[in-house]
Participant: 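After the structure tokens below, expect a handful of questions from me.
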Amino acid sequence: GDSVTQMEGPVTLSEEAFLTINCTYTATGYPSPFWYVQYPGEGLQLLLKATKADDKGSNKGFEATYRKETTSFHLEKGSVQVSDSAVYFCALSVLQGAQKLVFGQGTRLTINP
Amino acid sequence: EADIYQTPRYLVIGTGKKITLECSQTMGHDKMYWYQQDPGMELHLIHYSYGVNSTEKGDLSSESTVSRIRTEHFPLTLESARPSHTSQYLCASSDRVGGYTFGSGTRLTVV
């Protein structure tokens, strides 16, 4: 079946550090990857997405490139801020048969000033 | 503004009570979903619907039930709440090209 594996957390960084959260997947059909962010006490917000191979999604300084050859969609940010502290979920939507969003296990990120 | 609404945001209820978690969306999406999020953060699909009068069980077995009588409304019901049902429940909907929108969630505590 379809599955998403994401870098385990928790991750703690200092402000202005470089961030990478790895995400790889296995999927049948035509997958589309997403990154969602969940701030404390809230639901999920779409951070960025890609729709085809080699697409780069970007938002709020975060970037991720959909690499079909390595089945990866790693999240990066050059300089993190305290306000980036949240839980980040990599997810995959497969538009074949039962369209569902499959999530990775989530990575809790804490940024210290 | 198009959005998806969940009520209540927080609910504390006694064991054995019947509860319904509400979810409504204003985007006209055909597909809607319920996810259960455990304290370890993982999200598990428990129900989904492709349209009116269509409901399916998700990947994680759940004692809850759902109904889809109107496109915009996808309520989740627990006939008899138990402490093991304590969790956060997230509702979502998606458009035809796979764009998903999530509600703010209902945090349920059963005592």
Side-chain angles (χ1 to χ4, degrees), chain A residues 1-11 21 23 25 27 29-52 55 57 59 66 73 85-110, chain B residues 2-11 21-25 27 29-51 54-60 76 87-109:
Chain A
D2 305 322
S3 67
V4 177
T5 301
Q6 120 177 47
M7 185 173 90
E8 287 191 25
V11 174
I21 302 178
C23 173
Y25 65 87
Y30 305 98
S32 292
F34 300 79
W35 276 100
Y36 282 86
V37 59
Q38 186 176 33
Y39 297 102
E42 298 186 13
L44 271 67
Q45 298 176 26
L46 177 65
L47 181 60
L48 50 84
K49 65 179 181 181
T51 53
K52 60 183 189 297
D55 255 5
N59 185 25
Y66 177 17
F73 194 54
S85 297
V87 179
Y88 292 81
F89 290 92
C90 186
L92 195 72
S93 174
V94 182
L95 296 177
Q96 177 179 325
Q99 177 190 334
K100 292 181 279 186
L101 198 59
V102 178
F103 286 92
Q105 70 269 38
T107 301
R108 185 178 301 278
L109 173 67
T110 302
Chain B
D3 213 332
I4 185 164
Y5 306 95
Q6 286 187 246
T7 56
R9 282 295 307 274
Y10 302 94
L11 178 62
L21 308 185
E22 301 289 347
C23 176
S24 295
Q25 49 100 0
M27 296 166 283
H29 288 169
D30 288 326
K31 297 184 174 74
M32 295 189 74
Y33 311 82
W34 276 103
Y35 285 84
Q36 184 174 338
Q37 186 173 27
D38 60 29
M41 304 183 305
E42 280 200 58
L43 289 142
H44 303 282
L45 180 67
I46 53 174
H47 298 285
Y48 60 99
S49 167
Y50 288 158
S54 152
T55 61
E56 302 286 344
K57 289 194 177 296
D59 303 320
L60 180 70
L76 181 145
S87 190
Q88 168 142 272
Y89 294 85
L90 293 169
C91 181
S93 68
S94 69
D95 58 28
R96 293 196 178 120
V97 294
Y100 291 78
T101 304
F102 281 81
S104 299
T106 294
R107 188 170 294 279
L108 172 67
T109 303

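Since the model is a prediction, treat every value here as computed from it, not as a measurement. Here is how names work: the chains are called A, B, and so on, in the same order as the sequence lines, proteins then strands, and each is numbered from 1.
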Participant: Which bit of B/E56 is near chain A, if near means a heavy-atom gap under 4.5 Å: side chain, backbone, both or neither?
Facilitator: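 Answer is neither: B/E56 stays 4.5 Å or more from chain A.
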Participant: So which residue, A/L101, A/L44, A/V102, A/T51, ends up with the most heavy-atom pairs under 4.5 Å with chain B?
Facilitator: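 Top count of heavy-atom pairs under 4.5 Å with chain B: A/L101.
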Participant: With side-chain contact (heavy atoms from CB on, under 4.5 Å) as the criterion, how do A/F89 and B/Q37 come out once you've worked through the C-alpha distance, each side chain's angles and the decisive distance to 0.1 Å?
Facilitator: CA-CA 12 Å; A/F89 290 92; B/Q37 186 173 27; 3.4 Å; yes
Participant: When the ring centroid of B/Y100 is compared with that of A/Y36, is the distance short of 6.0 Å?
Facilitator: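 No - the distance between ring centres of B/Y100 and A/Y36 does not fall below the 6.0 Å cut-off.
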Participant: The test is side-chain contact (heavy atoms from CB on, under 4.5 Å); show your working for B/M41 and A/Q38 and say whether it passes.
Facilitator: CA-CA 10 Å; B/M41 304 183 305; A/Q38 186 176 33; 5.8 Å; no
Participant: For the atom pair OH (B/Y35) and NZ (A/K100), what is the distance rounded to the nearest 0.5 Å?
Facilitator: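 Reported to 0.5 Å precision, the distance equals 8.5 Å.
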Participant: Would you give the length of the straight line joining atom CD of B/Q88 to atom CD of A/E42, rounded to the nearest 0.5 angstrom?
Facilitator: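 Atom-to-atom, B/Q88:CD and A/E42:CD are 10.0 Å apart.
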